[in-house]
Number of protein chains: 2
Amino acid sequence: MTDPTAITPDRRPGGRTARVRTQVLDAVRAELAENGHEGLTMEGVATRAGVHRTTVYRRWRDVGGLLVDVIEAAGEIDWRPPDTGSLRGDLTALNQEIQQSLVVQPSFAVALMAASFHSDQAARAQTRLWADRYAQCEIVVERAIARGELPARLTDARSLLIAATAPLYHQLVLLRADPDPQLPERAAEAAVLAAAAGAFSARRSACDPGAPS
Amino acid sequence: MTDPTAITPDRRPGGRTARVRTQVLDAVRAELAENGHEGLTMEGVATRAGVHRTTVYRRWRDVGGLLVDVIEAAGEIDWRPPDTGSLRGDLTALNQEIQQSLVVQPSFAVALMAASFHSDQAARAQTRLWADRYAQCEIVVERAIARGELPARLTDARSLLIAATAPLYHQLVLLRADPDPQLPERAAEAAVLAAAAGAFSARRSACDPGAPS
DNA sequence: CCACTACTGCAACAACTGTTGCTTTAAGAT
DNA sequence: ATCTTAAAGCAACAGTTGTTGCAGTAGTGG
């Protein structure tokens with residue numbers, strides 16, 4: 001007999017269960033792309049996935065649960081920041097990517113942001129995803145430092161990246177301005193100039209491993 | 001007899017009608033503050049306002065309609081940007097105000113942003129409100145130019161203001177980072193340095209009255 | 001091939017949301 | 001004071017959302 005308290009909790013990851021999961025997640029993405037995050041309902045997802053309502057309710061509980069799963073799946077695709085040979089070029093390319101993802105209609109990225117206001121779970125999942133992305137981007141700054149484009153080691157990569165990218169999100173997501181084709185480059189340029197002038201340096205934060213206590 | 005097609009459309013702005021409106025809008029603000037934008041339901045607002053559901057449905061149609069009214073009311077309070085004597089000081093103070101409004105729990109500002117994803121009407125109303133606020137802030141840049149802190153006339157006020165304030169919204173609203181007491185000053189400083197280095201200058205946009213075609 | 005049971009499907013249900021026709025109240029005009 | 005009618009209240013209704021008990025299906029291990 002199988003011990004119910006064993007480490008293996010008698011789950012069934014294979015076959016139908018897995019198939020239903022992909023069907024449902026695909027349906028979520030499709031609904032999200034088609035109707036925006038407004039039109040994302042448990043009912044709609046279930047119908048499109050060819051699965052019964054009850055199944056979706058039981059396995060994902062609510063819309064937030066669905067989004068968490070989708071967001072985490074999005075985090076698994078491997079992504080590399082651009083490498084153009086200059087900091088300004090890298091940041092501009094990065095911003096263009098961001099602008100692209102925010103401008104396409106319907107925007108999956110915007111839908112995720114909007115939806116993350118719905119559920120704490122989804123919000124946390126998205127925060128994790130973004131933290132990962134920014135961490136991956138730090139290499140851009142490190143390369144710039146290695147090339148001597150920035151004051152050595154005195155630049156806080158995260159702050160620089162935020163400064164470079166934040167205006168895009170602000171304009172397109174929060175202010176809902178019309179996309180400006182020059183903005184990616186201008187925002188990147190401004191961040192580079194600020195960095196060269198010594199902003200983003202010597203951030204006295206909790207995680208300063210170099211400082212002898 | 002009163003001509004029904006007269007300019008006066010036989011509205012009744014006074015008395016009960018006005019009283020109901022303030023009751024309902026107060027209720028919206030209270031619900032928003034208490035339960036966040038999630039807990040904002042027509043039913044809840046009506047009950048709290050001591051008014052019947054149908055009344056709220058008929059006059060405001062849906063949650064978006066309620067928010068439009070609240071947002072427009074918020075635009076009517078007169079607000080002045082800080083005036084500390086220096087660009088850096090002004091922007092820092094402005095950012096501190098923004099951070100304050102985003103950090104207080106529960107945040108009315110965040111609730112409005114979250115809610116503006118719900119309805120196009122609310123989104124448009126909020127866009128208008130924000131455009132007003134940024135327009136009001138341009139005086140801060142103009143004063144700095146007048147003081148000679150910035151390269152004369154070559155600075156696009158709007159871009160500078162966006163660069164200075166965007167990181168706050170990005171960190172606190174979208175990334176949901178813990179508030180950093182130094183961020184308002186650092187973001188302001190970075191924007192000032194970038195401006196001094198000539199970013200935000202000579203924006204070639206549609207509204208360039210000075211250029212002879 | 002068979003038994004076990006995790007997972008899904010189904011159907012009936014309660015709760016909530018928004019609508020509609022009608023009645024009642026009270027603001028504003030005579 | 002009285003009349004008119006915009007606006008609010010009321011009640012009954014349809015549609016939607018989420019839950020629950022039970023029955024059926026199909027992985028998984030023997």
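Letters A, B, ... mirror the listed sequences (proteins, then strands); counts begin at 1.
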Point to revise | Atom-to-atom span, CD of Q23(A) to P of dC7(C) - whole angstrom | key: 16 Å

Check your understanding: Who are the salt bridge (charged side-chain N to carboxylate O under 4.0 Å, His left out) partners of D62(A), not counting sequence neighbours?
Key -> none

**Study point:** Residues within residues 56-64 of chain B bordering DNA chain D, heavy-atom distance below 4.0 Å
**Key:** R58(B), R59(B)

Practice item. Determine to 10° how strongly the helix from dC1(C)-dG30(D) to dT30(C)-dA1(D) is bent, judged from the axes of its five-pair ends. Key: 40°

Review point. Considering only side-chain heavy atoms of V20(A), which listed nucleotide, dT19(D), dT8(C), dC10(D), is closest?
Key: dT8(C)

Review point. Between dT19(D) atom P and H52(A) atom NE2, what is the distance in whole Å?
Key: 14 Å

Practice item. Looking at every strand, decide which applies to T55(A) at a 4.0 Å heavy-atom threshold: base, sugar-phosphate, or nothing. Key: sugar-phosphate

Check your understanding: Taking only residues two or more places apart in sequence or in another chain, which ones pass salt bridge (charged side-chain N to carboxylate O under 4.0 Å, His left out) with E142(B)?
Key -> none

Practice item. Could you state the atom-to-atom distance from CZ of R53(B) to P of dG21(C) in whole Å? Key: 16 Å

Exercise for review: Figure out the CE/P separation between M42(A) and dG9(C), and round it to whole Å.
Suggested key: 14 Å

Revision key, fill the gap. The salt bridge (charged side-chain N to carboxylate O under 4.0 Å, His left out) partners of R124(B) (sequence neighbours excluded) come to none

Exercise for review: Not counting sequence neighbours, which residues clear salt bridge (charged side-chain N to carboxylate O under 4.0 Å, His left out) with R53(A)? List them please.
Suggested key: E43(A)

Scan the side chains in residues 70-82 of chain A for donor-acceptor partners under 3.5 Å anywhere in the protein, sequence neighbours excluded, and list what turns up.
residue	atom	partner	partner atom	Å
E72(A)	OE2	R128(A)	NH2	3.1
W79(A)	NE1	E97(A)	OE1	2.8

**Study point:** With sequence neighbours excluded, residues passing ring pair (Phe, Tyr, Trp, His ring centres under 6.0 Å) with F108(B)
**Key:** none

Exercise for review: Scan residues 23-60 of chain B for pairs that pass ring-ring contact (aromatic ring centres under 6.0 Å, His included), counting only residues two or more places apart or in two chains.
Suggested key: H37(B)-H118(B)

